[in-house]
Amino acid sequence: MKFKRKIKPYRAAAGGWGSLEATTRFVLDSKAALKNMRNLMRMNKARGFDCPGCAWGDDNKSTFSFCENGAKAVTWEATRRVVDTDFFAQHSVTKLYAQSDYFLEYQGRLTHPMRYNAETDHYEPVSWDNAFALIAQHIKAMDNPNQMELYTSGRASNEASWLYQLFGRLAGTNNFPDCSNMCHEASGAGLKRSIGVGKGTIRLDDFDHADAIFVFGQNPGTNHPRMLHSLRHAADHGAKIVTFNTLRERGLECFADPQKPLEVVTSKAGTISSAYYQPNLGGDMAAVRGMVKALLETHRARIAAGEKGLFDETFINATTHGVEAYFDAVDNTDWMQIVQQSGLSEAQIREAAAIYQSADRVIVTWAMGITQHKHSVDTVREIVNLQLLFGQLGKKGAGLCPVRGHSNVQGNRTMGIDEKPSKAFLDALGSHFGFEPPREHGHNTVEALNAMLRDEIKVLIALGGNLAAAAPDSPRTEEALQRCGLTVHISTKLNRSHLVPGAESLILPTLGRTERDTQATGNQFITVEDSFSMVHASEGIGIPLAETQRSETAIVAGIAHAVLGDEKVQWLKLAADYNLIRDHIAATI
Ligand SMILES: Nc1nc2c(c(=O)[nH]1)N[C@H]1C(S)=C(S)[C@@H](COP(=O)(O)OP(=O)(O)OC[C@H]3O[C@@H](n4cnc5c(=O)[nH]c(N)nc54)[C@H](O)[C@@H]3O)O[C@H]1N2
Ligand SMILES: Nc1nc2c(c(=O)[nH]1)N[C@H]1C(S)=C(S)[C@@H](COP(=O)(O)OP(=O)(O)OC[C@H]3O[C@@H](n4cnc5c(=O)[nH]c(N)nc54)[C@H](O)[C@@H]3O)O[C@H]1N2
Ligand SMILES: [Mo]
């Protein structure tokens with residue numbers, strides 16, 4: 001059969017008119033245009049809400065610090081469409097299951113707590129109190145606390161996720177699978193082993209001081225559009241942008257800044273990447289090894305000639321160990337292997353190494369193209385080694401930058417959403433609240449799903465996310481969820497996970513980041529942490545669509561109160577005043 005070619009290459013720059021037009025279309029289509037215009041004016045401002053789109057940082061200075069996809073994320077949340085009790089009465093779960101993922105989320109915001117009725121195959125309204133009571137009943141019926149999985153998606157606030165982990169640990173489990181397991185896990189693990197902290201080492205303004213920025217395996221045009229501003233700005237100031245990507249991503253080639261009217265009107269787009277390499281899938285580790293091999297050659301040649309070596313000996317001697325063993329490993333990797341595995345020629349790799357060598361200050365960034373391979377941890381560590389040789393850590397305009405995904409995924413980990421919590425953290429939690437936290441490591445996402453398939457799990461609670469669609473091997477994942485006794489989803493929108501209920505299932509509708517969160521002591525703000533480890537306050541301004549929606553923090557407190565009572569923790573008091581939660585965070589983190 002012959003197909004007509006319908007896909008045309010996109011020759012225009014990323015950003016520019018296309019981006020402005022798409023933003024406008026989304027705002028108008030949200031059925032809440034005025035509200036969303038106002039929302040966008042308040043996004044990423046000193047008093048406003050943090051963009052729910054991604055984890056890139058903000059300077060809080062520019063007039064409009066949002067991007068096309070941030071605008072989409074906001075309007076996606078702040079729609080007037082509702083998935084209310086009538087909607088569920090009209091549509092059976094089987095019927096909804098046949099729809100696409102896009103259709104499901106497009107139907108609008110969840111407004112009322114719902115309980116699945118297997119006899120009618122419909123979700124039916126339930127009161128908040130009865131929902132909490134049902135959860136408590138299932139949890140109290142478990143034989144041991146590890147029959148519960150507490151999943152988290154990376155949008156939950158610091159306050160909600162800290163409270164959530166406290167609930168889990170007081171109940172006796174470290175089963176905290178989270179979206180991070182499918183995302184930047186390798187960055188955290190690799191960085192922790194190499195430098196002792198699982199986080200990046202730079203700040204947003206380091207981009208203004210870098211001489212070269214190496215971008216590995218990420219597509220900022222779609223996923224972190226505000227990063228394109230930083231790259232574009234750096235390129236305009238003479239920094240070399242070097243991209244390693246298996247595909248040619250338009251945003252990394254060329255970008256017209258939609259926030260600079262002149263560029264849009266005159267189509268004056270800036271070239272982003274000065275060099276663009278397309279390695280094999282998973283070939284980056286070999287490529288970086290090759291760069292080090294070339295640089296080591298120069299280093300030794302210089303020393304042999306009586307000159308100063310290329311590497312930063314002072315930094316290496318003072319702060320690292322094992323450099324000789326690493327050089328042995330590099331010497332033992334021959335060019336044939338490097339070329340074969342990386343998919344790049346020796347000349348290309350030497351060229352990349354030469355750009356690296358010519359730069360005084362280098363930032364290396366990476367995302368999913370690096371972290372989602374079997375040897376990802378090793379690749380991350382290879383990148384760290386390259387940077388360590390040149391002392392690129394801890395100086396202005398240089399460092400390591402894993403570009404996180406969900407807008408608060410880094411904050412979740414800081415707050416203790418971690419199936420392998422440190423001893424120090426558990427000790428602090430235990431002594432602050434006077435209890436012995438569980439010490440045994442819990443389940444990550446894959447382990448949790450396997451335990452469900454073995455019928456070891458009775459209760460799954462999901463603080464956001466869409467586990468059924470996010471985990472690989474969808475049929476097995478769906479089966480795993482269906483084997484639970486109770487599945488509980490704290491969600492803003494309808495999604496696939498709601499349609500593969502356990503024996504019993506609840507959907508609990510929650511407020512989003514953009515919405516006003518009023519509790520007994522007044523309006524609350526929450527906090528989030530970006531990719532640069534900066535913690536921001538975020539305060540929603542939109543009026544919630546329904547009085548029956550509750551904040552994530554209030555829902556977690558409601559569950560914990562129903563299950564554990566308030567002997568150790570006054571859950572409902574904490575939910576009434578998030579400042580009290582922050583005091584506890586300060587005491588335990
Ligand atoms: N609009 C929007 N924005 C989002 C999200 C969203 O759902 N929607 N999700 C957020 C989340 S959770 C995340 S984690 C981030 C993800 O942000 P990214 O990591 O940028 O996301 P991907 O689309 O997975 O892009 C992976 C890139 O790596 C390249 N690649 C694939 N394999 C390899 C390889 O082996 N080597 C190299 N060098 N390149 C490779 C691909 O061509 C692609 O450009 O986005 C965040 N931002
Ligand atoms: N096929 C495929 N699978 C992937 C990926 C991929 O690129 N392709 N990416 C992987 C990566 S990097 C990640 S991080 C994971 C993401 O995995 P998840 O975080 O589990 O999935 P999402 O699709 O981001 O979750 C979307 C749902 O979250 C809910 N939601 C949105 N905002 C909020 C909020 O503010 N609060 C609450 N409580 N709920 C909210 C809505 O109900 C929405 O339907 O998926 C991984 N799996
Ligand atoms: Mo992610």
Between [X] and [Y], does any side-chain N to carboxylate O distance fall below 4.0 Å?
X	Y	result
E529	R404	no
R513	E552	no
R439	D427	yes

Which pair of heavy atoms, one from T527 and one from F525, lies closest together, and at what distance?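 Looking at all heavy atoms of both residues, the closest pair is CG2-CE1, 4.2 Å.
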
Using the side-chain hydrogen bond (donor to acceptor under 3.5 Å, both in side chains) rule, pick out the option among T477, D178, N450, N181 that qualifies with T445. N181

Between Y123 and R115, is there a cation-pi geometry (under 6.0 Å to ring centre, at most 45° from the normal)? no

Under a 3.5 Å distance rule, please check whether S376 uses its side chain to pair with a backbone N or O of H373 as donor and acceptor. yes

Carefully, step by step, assess D517 and Q519 under the rule side chain to side chain donor-acceptor pair (under 3.5 Å). CA-CA 7 Å; D517 178 357; Q519 302 295 338; 2.8 Å; yes

Greater than 12 external heavy atoms within 6.0 Å of R582's CZ: yes

Hey, do the aromatic rings of H498 and Y116 have their centres closer than 6.0 Å?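 No.
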
Do F132 and W571 have ring centres separated by under 6.0 Å? no

When you look at L400 and L191, which way does the side-chain contact (heavy atoms from CB on, under 4.5 Å) test go after all the steps? CA-CA 9 Å; L400 299 162; L191 287 171; 3.9 Å; yes

Does the side-chain contact (heavy atoms from CB on, under 4.5 Å) test come out yes or no for N408 and D50, once each step is laid out? CA-CA 10 Å; N408 195 39; D50 190 77; over 6 Å; no

Check the angle between the aromatic planes of F176 and Y164 and answer parallel, tilted or perpendicular using the 30° and 60° thresholds. perpendicular

Pair V409-R413, side-chain contact (heavy atoms from CB on, under 4.5 Å): steps then yes or no: CA-CA 7 Å; V409 65; R413 274 285 159 91; over 6 Å; no

Between atom OG1 of T111 and atom CZ of F88, what is the distance when rounded to the nearest 0.5 Å?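 Nearest 0.5 Å value for the OG1-CZ distance: 8.0 Å.
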
